[in-house]
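Letters go in sequence order (proteins before strands), and every chain restarts at 1. All values below come from the heavy atoms of this structure, side chains included, with hydrogens, waters and symmetry mates left out.
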Amino acid sequence: DAGVIQSPRHEVTEMGQEVTLRCKPISGHDYLFWYRQTMMRGLELLIYFNNNVPIDDSGMPEDRFSAKMPNASFSTLKIQPSEPRDSAVYFCASSLLILYNEQFFGPGTRLTVL
Amino acid sequence: AQSVTQLGSHVSVSEGALVLLRCNYSSSVPPYLFWYVQYPNQGLQLLLKYTSAATLVKGINGFEAEFKKSETSFHLTKPSAHMSDAAEYFCAVSEKGSNTGKLIFGQGTTLQVKP
């Protein structure tokens, strides 16, 4: 398996623009997680899905953030409109419950909002 | 509620010296425990995990960790640091039998290795 795949790897956009981050989890995994990492706040869990259903979105910072998982092999995290304080590295991770909840992380998307 | 505390946000050692990164957890039931490493500009990757087999767990790159229930600790060690070990290290916990799928991560410890 190729592991968790994220795209794009880098995104530079201007304030007010819509940003869509994409994630392909490891085939067969039943959980998918979106994290944000910044120097100030560290690693934060934004939202996670189980079998494509959102379970906990309490970490989503504002209504400007939304996430979907239309099928088992694809998820998106959208920011609309984007703001400079959204600049961060966004990670997607997937896991299989029977594997002790071990999470497998993607390489991340580095987002810069100007 | 579960929590993880990593003592020391920054640790600096000399090349060849012992590495000790501390992790304490709180959990109402015996947990699964993990150490992840994040090299610069990369995602997190698993170093090792404790899943209730042997209490001394060996991982990649010469790292190991010991689960001590009485101390609620899972400290990470390596006998001799290498320059390539410079990275950020995260301890994480998951409760056995939990169906949330979540891991609770510590705040991370940045390891600096001096020549």
Side chain to side chain contact (heavy atoms under 4.5 Å, CB included) between B:N41 and A:R110, worked out: CA-CA 9 Å; B:N41 300 313; A:R110 182 174 296 276; 3.1 Å; yes

Joint hydrophobic cluster, A:L77 plus A:Y35, side-chain heavy atoms closer than 4.5 Å: no

Side chain / backbone / both / neither for A:L43 at chain B, heavy atoms under 4.5 Å: side chain

Verify same cluster id: A:L32, A:F104 (apolar side-chain graph, 4.5 Å): no

A:L45 versus chain B, the contacting section by heavy-atom distance below 4.5 Å: side chain

Within 6.0 Å of CZ in B:R22, more than 12 heavy atoms from elsewhere: no

Cluster link B:F90 to A:L46, ILVMFWY, side chain under 4.5 Å: no

hydrophobic_cluster_shared for B:V4 and B:V11, side chain cutoff 4.5 Å: yes

Euclidean distance, B:I104 CD1 relative to A:N101 CG, rounded to 0.5 Å: 10.5 Å

Euclidean distance, A:F91 CZ relative to B:Q38 CD, rounded to 0.5 Å: 4.5 Å

Contact check, side chains of A:Q37 and B:E88, non-hydrogen atoms, under 4.5 Å: yes

Other residues, nucleotides, ligands: >12 heavy atoms within 6.0 Å of A:D63 CG: no

B:Q45 portion near chain A, given a 4.5 angstrom heavy-atom threshold: neither

B:E64 atom CD: more than 12 heavy-atom contacts under 6.0 Å: yes

Any A:E44 side-chain heavy atom under 4.5 Å of B:F105 side chain: no

Connected via hydrophobic side-chain network under 4.5 Å: B:Y50 and B:L56: no

Side-chain heavy-atom pair A:D56, B:K102 within 4.5 angstrom cut-off: yes

Donor-acceptor under 3.5 Å (B:Y36 side chain, A:F105 main chain): no

Interface moiety of B:L103 toward chain A, non-hydrogen atoms closer than 4.5 Å: both

